[in-house]
Protein chains: 2
Amino acid sequence: MSPRKSAAEATATRVRIIERALALAATDGLDGLTIGRLAIDLGMSKAGVVGHFGSKEALQIAVLEAAIEQFRRRVPARAVGADPGLRRLTTAFGEWIDYMAEDEGHSGCLLTSVAAEFDGRPGPIRDAVLAALMSWSTYVSAEVRTAVAAGELPPETDAEQVVFELNGIALAAAQAIQLHHDPAAPARARRAITRLLDVAPPPMGSLGSP
Amino acid sequence: MSPRKSAAEATATRVRIIERALALAATDGLDGLTIGRLAIDLGMSKAGVVGHFGSKEALQIAVLEAAIEQFRRRVPARAVGADPGLRRLTTAFGEWIDYMAEDEGHSGCLLTSVAAEFDGRPGPIRDAVLAALMSWSTYVSAEVRTAVAAGELPPETDAEQVVFELNGIALAAAQAIQLHHDPAAPARARRAITRLLDVAPPPMGSLGSP
DNA sequence: CCTACCGATCGGTAGG
DNA sequence: CCTACCGATCGGTAGG
């Protein structure tokens with residue numbers, strides 16, 4: 001029995017629950033998460049699990065927020081050192097691709113899969129995903145505009161179009177990695193990004209960057 | 001009561017079940033499908049529903065196969081009239097984009113969402129999705145190579161890279177439509193395709209097609 | 001954090 | 001195609 005625990009121990013347990021939940025959600029989806037399954041995996045009771053969150057939905061949101069936090073620490077946080085504009089964009093997307101390729105199962109990019117899972121279901125989960133994706137695309141858009149202002153991209157560049165296409169490349173990489181286990185996916189994604197941001201790339205035969 | 005029905009009536013019922021299931025799967029996912037919910041929606045008993053398929057998994061596969069059939073009739077089938085190569089590619093992807101934009105909820109592109117839903121779960125459903133996507137990418141790849149052979153694309157074109165990027169554009173469109181309800185998504189996707197297949201497009205300032 | 005429960009719903013079967 | 005039912009599991013609560 002372990003009826004009373006210190007606040008620190010309770011927090012540690014909460015972290016353990018969320019870690020396991022991230023792994024389960026990566027394969028079964030955020031909705032496929034089950035309090036019972038989580039309890040068995042962690043060797044504790046269902047009441048012990050649910051007590052940390054109050055409800056399944058609160059647990060799902062906590063898990064999603066952990067995934068978002070993980071993404072932020074891994075992707076934009078590692079690009080802060082790069083020069084704003086094109087350098088930062090390629091660094092950030094490179095990190096994202098590495099992140100997806102690292103642990104195939106881990107959480108792949110839970111953000112991306114939850115976006116697909118909840119796109120037709122209004123509620124706090126969809127709202128949280130939307131907010132995170134908006135924040136990310138705002139970041140990307142700002143870097144694209146910085147690149148344009150710095151003359152790294154042509155002045156007539158449609159920034160939102162570039163954001164759209166960059167996102168597509170990331171989504172294609174996610175599918176190729178998680179579904180097809182294609183080892184060439186990261187390289188393909190990198191080439192696509194280079195092609196897109198260099199405006200006229202070598203393989204297609206055109207002019208070089210300004 | 002309606003204990004015995006003719007074969008034709010049974011088939012009609014099966015079609016009704018699958019139609020409703022396609023709609024439910026579009027919002028709740030293929031795994032979120034429930035025999036009980038389906039039965040209530042259709043005004044019949046659970047046994048009546050399950051009797052047509054034998055098991056939930058068999059029902060899921062039937063639904064998925066219906067979605068694949070729908071995609072085939074709607075996308076590649078409408079491009080058979082277009083000239084092989086670039087024309088057929090742009091027609092097919094244009095149809096796909098229209099298809100996704102048409103009925104936001106309908107089945108969006110169930111194939112795409114199920115691919116994300118089951119990417120980490122081995123089994124017949126994942127296998128069926130993989131087979132359908134492989135068949136589609138083989139088709140796209142063949143058209144790209146035809147375009148290269150016809151001189152519509154540069155001879156050094158990496159066909160698989162183009163397939164990867166076209167897929168990314170479609171995935172970005174799917175997300176923008178289903179999650180963000182962005183009315184500009186179809187136009188963005190079309191522009192991206194044009195940029196990709198025209199090698200050097202006007203908006204970015206470069207050489208025209210050969 | 002546990003035991004002991006709750007009503008609801010799950011997929012599925014028996015038998016007609 | 002229905003009624004009637006099965007064991008299992010769901011999310012969640014009471015009470016300690």
Side-chain angles (χ1 to χ4, degrees), chain A residues 1-22 24-25 27-64 114 117-118 121 123-126, chain B residues 1-22 24-25 27-64 114 117-118 121 123-126:
Chain A
M1 273 161 253
S2 41
R4 273 301 114 97
K5 296 235 171 163
S6 71
E9 284 171 316
T11 302
T13 301
R14 199 177 195 273
V15 168
R16 273 185 68 225
I17 295 171
I18 288 185
E19 269 169 7
R20 186 75 203 119
L22 279 168
L24 285 178
T27 61
D28 297 337
L30 202 53
D31 216 61
L33 259 188
T34 269
I35 296 168
R37 175 67 200 280
L38 219 37
I40 291 170
D41 285 11
L42 294 165
M44 53 193 288
S45 67
K46 288 201 300 170
V49 171
V50 83
H52 283 272
F53 306 93
S55 71
K56 181 180 175 177
E57 193 176 71
L59 164 68
Q60 290 175 306
I61 288 176
V63 171
L64 179 58
V114 175
E117 190 181 359
F118 283 84
R121 301 188 237 175
I125 296 177
R126 185 173 178 282
Chain B
M1 271 162 255
S2 43
R4 273 300 117 95
K5 297 234 170 161
S6 70
E9 283 170 317
T11 302
T13 302
R14 200 179 193 274
V15 169
R16 273 186 68 226
I17 295 171
I18 289 186
E19 267 169 7
R20 186 76 202 116
L22 279 167
L24 285 177
T27 62
D28 297 337
L30 202 54
D31 216 60
L33 258 187
T34 269
I35 297 167
R37 175 67 200 280
L38 219 36
I40 290 169
D41 285 11
L42 294 165
M44 53 192 288
S45 67
K46 289 202 299 172
V49 171
V50 83
H52 282 273
F53 307 93
S55 70
K56 181 179 174 177
E57 193 175 72
L59 164 67
Q60 289 174 305
I61 289 176
V63 171
L64 179 58
V114 175
E117 189 181 0
F118 282 84
R121 301 188 237 175
I125 295 177
R126 185 173 178 281

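Quick note on labels: first sequence line is chain A, next is B, and so on, each numbered from 1.
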At a heavy-atom distance below 4.0 Å, what parts of residues 30-40 of chain B sit against DNA chain C?
L33(B), T34(B), I35(B), G36(B)
Are R14(B) and F53(B) packed together at the side-chain level, in the sense that at least one heavy-atom pair is separated by less than 4.5 angstrom?
yes
From the list dT13(D), dT3(D), dC1(C), which nucleotide is the closest neighbour of the side chain of H52(A)?
dC1(C)
Minimum-distance nucleotide to T13(A) side chain [options: dC1(C), dC1(D), dC10(D)]:
dC1(C)
Just to verify, what does I40(A) make a side chain to side chain contact (heavy atoms under 4.5 Å, CB included) with, not counting sequence neighbours?
none
Roughly how many Å is it from CG in L59(B) to P in dG11(C), rounded to a whole number?
9 Å
Of the non-hydrogen atoms in L42(A) and R16(A), which two are nearest, and what is the gap between them?
O-NH2, 3.2 Å
Please, which pairs that meet side chain to side chain donor-acceptor pair (under 3.5 Å) have at least one residue in residues 43-54 of chain A, sequence neighbours excluded?
none
N/O donor-acceptor pair, side chain K46(A) with base dG11(D), under 3.5 angstrom:
yes
With respect to the side chain of V50(B), which nucleotide from dC1(D), dT13(C), dC2(C) is positioned closest?
dT13(C)
Which nucleotide, dC2(D), dG11(C), dC2(C), lies nearest any side-chain atom of M44(A)?
dC2(C)
Of the listed dG12(D), dC2(D), dT13(D), the closest approach to the K56(A) side chain comes from dG12(D)
Of I17(B), L33(B), L30(B), V63(B), the one forming a side-chain contact (heavy atoms from CB on, under 4.5 Å) with L22(B) is V63(B)
Would you please name every residue forming a side chain to side chain contact (heavy atoms under 4.5 Å, CB included) with S55(A), sequence neighbours left out?
E57(A), A58(A)
Would you please name every residue forming a side chain to side chain contact (heavy atoms under 4.5 Å, CB included) with A12(B), sequence neighbours left out?
none
Nearest-angstrom distance from the residue atom CZ of F53(B) to C1' of dT13(C)
18 Å
Shortest non-hydrogen contact from V49(A) toward M44(A)
N-CE, 3.7 Å
When you compare the side chain of Q60(B) with that of L64(B), does any pair of heavy atoms fall below 4.5 Å?
no
Just need the stems in DNA chain D: three or more back-to-back Watson-Crick or G-U pairs, each with both distances under 3.5 angstrom, sorted by first number.
C:1-16 with D:1-16
